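Input: a single structure, listed below in structure tokens.
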Amino acid sequence: MSHSRRTFMKKAAFASAISVSIPEIVSAAIAKGTSGKVILEKGNTILFQGDSITDAGRNRDEASPNSAKALGNGYAFMASSQLLYNYAALDLKTYNKGISGNKVYQLAERWDEDCLQLKPDVLSILIGVNDYWHMRNGKYDGTIETYWNDFKALLERTKKALPNVKLIIGEPFAVAGLTAVDQTWFPAFSEYQAAAKQLAETFGAAFIPYQSIFDKAQKSAPGVYWTNDGVHPSIAGAQLMAHSWTAMIKR
């Protein structure tokens with residue numbers, strides 16, 4: 001076998017291993033979760049809520065469902081496009097109402113208009129990194145107790161208004177060693193992650209363990225490949241999140 005052919009085969013084998021490893025990482029992480037998956041039904045409305053990670057530059061003046069401009073350029077768009085492709089017969093409607101910089105109390109302030117009035121059948125919430133980050137940098141005086149109480153109240157309010165809503169809660173995550181995140185984030189930030197997980201269990205929500213997913217993904221590529229600053233995902237990181245999100249849907 002020639003040297004060039006051996007080199008080609010090694011590269012091909014490596015690429016194949018990487019392509020297999022990421023779905024396996026996601027599947028293994030979700031398998032350790034504490035809740036079941038979400039079953040979609042015909043005509044369902046799906047709403048993504050959160051902060052800048054969900055916002056991802058969406059056009060807030062565009063209100064139509066299934067709109068590329070309205071969904072932004074992050075995981076909400078990628079997950080929505082996969083759902084609409086996989087389940088064309090279900091006539092799904094997807095919305096993204098994430099707003100950059102939001103903490104839980106700011107979700108609550110706009111919840112009637114940006115959630116309850118849309119009457120989502122599936123509600124995905126990823127919130128918490130700013131509740132810690134902005135406290136840490138002196139822009140917010142909330143605590144872990146504030147996060148727990150505000151998030152719990154928001155979920156109670158949601159279930160009261162929409163008793164049949166199917167919840168998906170994403171774990172707030174951070175990748176240390178990049179410009180916005182260092183090791184001193186932990187273990188304090190871990191308390192916010194634990195709170196999100198406990199609330200998911202309490203309210204019967206599907207839970208996406210993003211932290212372990214991003215941690216394990218770094219075995220395939222460094223942290224900067226997945227997130228630009230430790231908080232906001234890159235294109236690859238957004239796809240990693242979208243793949244994790246769609247893995248919560250029962251086929």
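Any value given below was found using the heavy atoms of this structure, including those in side chains, with hydrogens, waters and symmetry copies removed. Please read all numbers here as calculations on a predicted model, not as lab measurements.
For the pair L167/V38, no side-chain contact is recorded, criterion being any heavy-atom separation below 4.5 Å from C-beta on. Here the side chains of R157 and L116 are in contact, with some heavy-atom distance below 4.5 Å. Using a 4.5 Å cut-off on side-chain heavy atoms (C-beta onward), F186 and Q193 make contact. A heavy-atom distance below 4.5 Å is not found between the side chains of V175 and W226. Side-chain contact between S244 and M241 is absent, with no heavy atoms from C-beta onward closer than 4.5 Å. Side-chain contact between I208 and M248: present, with at least one pair of heavy atoms (C-beta onward) separated by less than 4.5 Å. Side-chain contact between V181 and V231 is present, with heavy atoms from C-beta onward closer than 4.5 Å. Side-chain atoms of V122 and L47, non-hydrogen and from C-beta on, never get closer than 4.5 Å to each other.
Pairs passing the ring pair (Phe, Tyr, Trp, His ring centres under 6.0 Å) check and including a residue from residues 153-180, sequence neighbours excluded, read F173-Y210, F173-F214. Among pairs with a residue in residues 229-243, those fulfilling side chain to side chain donor-acceptor pair (under 3.5 Å) read S52-H232, D229-H232, at least two apart in sequence or across chains.
Note: the hydrophobic cluster containing L178 also contains I213 (ILVMFWY, side chain heavy atoms under 4.5 Å, direct or indirect links). Transitive grouping of hydrophobic side chains (ILVMFWY, heavy atoms separated by less than 4.5 Å) brings M135 and I144 into a common cluster.
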- request: Might you work through the salt bridge (Lys or Arg N to Asp or Glu O under 4.0 Å) test for K166 and E41, ending with a clear yes or no?
  value: CA-CA 11 Å; K166 300 171 184 177; E41 299 177 8; 3.7 Å; yes

- request: Starting from the C-alpha separation in whole Å, work towards a yes-or-no answer on side-chain contact (heavy atoms from CB on, under 4.5 Å) for N86 and T246.
  value: CA-CA 10 Å; N86 287 345; T246 55; 5.8 Å; no

message: For D114 and R60: C-alpha separation, side-chain torsions, deciding distance, then whether salt bridge (Lys or Arg N to Asp or Glu O under 4.0 Å) applies.
response: CA-CA 11 Å; D114 284 354; R60 298 176 195 173; over 6 Å; no

- request: Evaluate the side-chain contact (heavy atoms from CB on, under 4.5 Å) criterion for residues L155 and L199: first the C-alpha distance (whole Å), next the side-chain angles of each, then the deciding distance (0.1 Å), finally the verdict.
  value: CA-CA 9 Å; L155 293 171; L199 287 168; 4.1 Å; yes

- request: Show the numbers, then the answer: is there a salt bridge (Lys or Arg N to Asp or Glu O under 4.0 Å) between K152 and E156?
  value: CA-CA 6 Å; K152 181 173 181 288; E156 288 173 341; 2.6 Å; yes

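The CD atom of Q106 sits 8.0 Å away from atom CD1 of I127, with the distance rounded to the nearest 0.5 Å. Here the straight-line distance linking atom CZ of F207 with atom NZ of K197 works out to 6.5 Å at 0.5 Å rounding. Atom CG of D55 sits about 11.5 Å away from atom CG of L71, to the nearest 0.5 Å. Note: T202 OG1 to I169 CD1 = 9.0 Å, rounded to the nearest 0.5 Å. To the nearest 0.5 Å, atom SG of residue C115 and atom CG of residue L154 are 7.5 Å apart. Note that CD1 of I46 and CG of L118 are 12.5 Å apart. Values are rounded to the nearest 0.5 Å.
Heavy-atom contacts from other residues, nucleotides or ligands closer than 6.0 Å to OH of Y105 number more than 12. Residue K159 places its NZ atom among more than 12 non-hydrogen atoms of other residues, nucleotides or ligands, all under 6.0 Å distant. A 6.0 Å sphere centred on CG of N137 holds more than 12 heavy atoms belonging to other residues, nucleotides or ligands.
Remark: of the listed residues V104, L107, I99, V129, V129 is the sole one forming a side-chain contact (heavy atoms from CB on, under 4.5 Å) with D51.
In the model, T184 has a side-chain atom that pairs as donor or acceptor with a side-chain atom of R136 under 3.5 Å. Between the side chains of N102 and R110, at least one donor N or O lies within less than 3.5 Å of an accepting N or O. Side-chain contact, E171 with Q211: no donor N or O sits under 3.5 Å from an acceptor N or O. With 3.5 Å as the limit, one finds no donor-acceptor pair spanning the side chains of T45 and Y95.
Between V165 and P120, the shortest heavy-atom distance links the atoms CG2-O, 3.4 Å. Of all heavy-atom pairs between N44 and I39, the closest is OD1-O, 4.4 Å. The two residues S64 and S67 come nearest to each other via the heavy atoms O-CB, 3.5 Å. A pairwise comparison of heavy atoms in A79 and A242 identifies N-CB, 3.6 Å as the closest pair. Considering every non-hydrogen atom in both Y140 and D131, the closest pair reads CD2-O, 3.7 Å. For the residue pair I53 and P233, the shortest heavy atom distance occurs at CG2-CD, 3.9 Å.
Taking the side-chain hydrogen bond (donor to acceptor under 3.5 Å, both in side chains) definition, one finds that W111 meets it with T158, sequence neighbours left out. In this structure, the side chain to side chain contact (heavy atoms under 4.5 Å, CB included) partners of I235, at least two apart in sequence or on a different chain, are M78. Take N59 and apply the side chain to side chain contact (heavy atoms under 4.5 Å, CB included) test, not counting sequence neighbours, and it matches D61, E62, K69. In this view, E145 and T143 satisfy the side-chain hydrogen bond (donor to acceptor under 3.5 Å, both in side chains) rule, not counting sequence neighbours.
Panel note: side chain K42, backbone A89; a donor-acceptor pair is recorded below 3.5 Å.
Annotation: F48 is in aromatic contact with W245 [ring centroid separation under 6.0 Å]. Between W185 and Y132, the ring center distance clears the sub-6.0 Å criterion.
Cation-pi geometry between K103 and Y147 is not met: the NZ or CZ atom fails to fall both under 6.0 Å from the ring centre and inside 45° of the normal.
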